[in-house]
Amino acid sequence: MHRVAITGTGVFTPEEVISNAELVASYNEYAHRQNALHAEAIAAGEREPMPMSSEEFIVKASGVERRHVVNKFGVLDPGIMHPVLPERADEELSIMAEIAVKAADEAMRKAGITSADIDAVICAASNHERPYPAIAIEIQQALGVKGFAFDMNVACSSATFGIQIATDMIRCGSARAILMVNPEITSGHQEWRDRDCHFIFGDVCTAVVLQRADDAKSASAYEIVSTRCLTEFSNNIRNNNGFLRRTREGHMVDRRDMQFRQEGRKVFKQVVPIVAELMTSHLADAGLRPDAISRLWLHQANKAMNDLIGEKVLGREPSRQEQPNVLQEYANTSSAGSIIAFSQFSDDLPPGSHGVICSFGAGYSAGSVIVRKM
Ligand code: CO8
């Protein structure tokens, strides 16, 4: 068995930014227009008026202040309310592959390797822009990687599950170095017309290089101590879009359940104990006490949720340095969130420091990765 390390990470951040003020102004204009359109039905009591959104609520409930998106114009236009992306020819690089290549270049540079050193590419994300050919294989070709590539999807836990798979493959010798990327264009499956969730998500791409620890050249490599994944079925976060859509009567219309939807309160209450128990038991089984943990890089969905999980795991309130949040800048970027936090806040720890990368989300799914600075 080979020891495995994360030797490089990369983050591609789209240039366009939407502030809470811009988002709320756009949503409220959309809601006003809908209410005017349905004024008669609303007056007759046949239809509820659409409620308005508020910046204060968004910051208080989630901690999100802004989000990056691949197309701001379409999301903010009250007559559109989703990103507008030009169609690309089959011969052109698809947008998910394009942003993955950018994040991958940074991760390989930090690892001190080139694509010639990579044996496999995993594209782990909460949605893929087409079923086949795999986005990962397109990325493999764009980078000139030999070997093999595949896509996988475990929603918000795609990256940690991807790290476990890559770690197991390197341990066993089926690959020596693996590139795992998380192109998350959440704006494409977010419902921007729903006040309860329109503020939650943002777009980004992260990349992680995993190698045999003996091959690590990077000054900021982290050895993988242990990985653990968990799933438990729940309908509380769900998207019913899929390839059988046209086979079902009434499914081709603009139905709400064809985009992201959730029971946010239930998710909050049910997922916090699942994640706290996963991390606590994982650390105990690895022989690590909570006071031996220098940093938690948690999934970035909600600040209050992270504060609560951190407190349960560490047995006290974590400091900002111990548990860095990036959701104020990025919002929830699905599987990429914990990797952005790791990428931005891991260089400073001294060798021998332990930390945990942890994700949680739809499925339910949760992944815990214990690492030690080399
Ligand atoms: N403005 C003003 N008021 C609002 C707004 C708004 N924008 N939204 C809701 N309200 C109102 C509600 O209507 C409600 O009013 P009332 O009390 O009269 O009923 C009140 O405010 C309180 O609403 P909530 O109970 O919903 O508010 P919460 O305090 O629970 O906060 C959150 C809502 C922020 C959603 C919170 O519940 C939360 O963060 N929950 C956890 C969610 C989570 O972690 N989900 C994980 C999803 S991510 C994932 O798994 C990846 C999926 C794949 C990616 C998908 C990409 C699109």
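We count ligands from 1, going down the list as the structure has it; atoms in each ligand are counted the same way. Side-chain atoms are counted along with the backbone in the values below, which use heavy atoms only and exclude waters and symmetry mates.
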How far apart are the closest heavy atoms of Ala124 and Asn182, and which atoms are they? O-ND2, 3.0 Å

Cut-off 3.5 Å, no hydrogens considered: what does the side-chain donor-acceptor table look like for residues 263-279, sequence neighbours left out?
| unit_1 | atom_1 | unit_2 | atom_2 | d |
| --- | --- | --- | --- | --- |
| Gln270 | OE1 | Asn236 | ND2 | 3.1 |
| Gln270 | OE1 | Tyr364 | OH | 2.6 |

Pair up each side-chain donor or acceptor in residues 304-311 with any protein partner under 3.5 Å, not counting sequence neighbours, and list the distances.
| unit_1 | atom_1 | unit_2 | atom_2 | d |
| --- | --- | --- | --- | --- |
| Asn306 | ND2 | His299 | O | 3.0 |
| Asn306 | ND2 | Asn325 | OD1 | 3.2 |
| Asp307 | OD2 | Lys303 | NZ | 2.9 |

Salt bridge (Lys or Arg N to Asp or Glu O under 4.0 Å) partners of Asp347, counting only residues at least two apart: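 By the salt bridge (Lys or Arg N to Asp or Glu O under 4.0 Å) rule, Asp347 matches no residue at all.
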
Relative to each other, are the rings of Phe150 and Phe148 parallel, tilted or perpendicular (30° and 60° limits)? parallel

Can you label the angle between the Phe260 ring and the Phe201 ring as parallel, tilted or perpendicular, going by 30° and 60°?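 The rings of Phe260 and Phe201 stand perpendicular, inter-plane angle above 60°.
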
For ligand 1, run through the N/O pairs with the protein that fall under 3.5 Å and put one pair on each line.
| unit_1 | atom_1 | unit_2 | atom_2 | d |
| --- | --- | --- | --- | --- |
| ligand 1 | 1 (N) | Ser54 | N | 3.1 |
| ligand 1 | 3 (N) | Arg195 | NH1 | 3.2 |
| ligand 1 | 7 (N) | Ser53 | OG | 2.9 |
| ligand 1 | 7 (N) | Arg195 | O | 2.9 |
| ligand 1 | 8 (N) | Arg195 | O | 3.3 |
| ligand 1 | 8 (N) | Asp196 | OD1 | 3.4 |
| ligand 1 | 13 (O) | Arg195 | NH2 | 2.6 |
| ligand 1 | 25 (O) | Arg265 | NE | 3.4 |
| ligand 1 | 29 (O) | Arg265 | NH2 | 2.9 |
| ligand 1 | 30 (O) | Arg265 | NE | 2.9 |
| ligand 1 | 37 (O) | Gly264 | O | 3.2 |
| ligand 1 | 39 (O) | Asn302 | ND2 | 2.7 |
| ligand 1 | 40 (N) | Gly264 | O | 3.0 |
| ligand 1 | 45 (N) | Gln262 | OE1 | 2.9 |
| ligand 1 | 50 (O) | Ala362 | N | 2.7 |

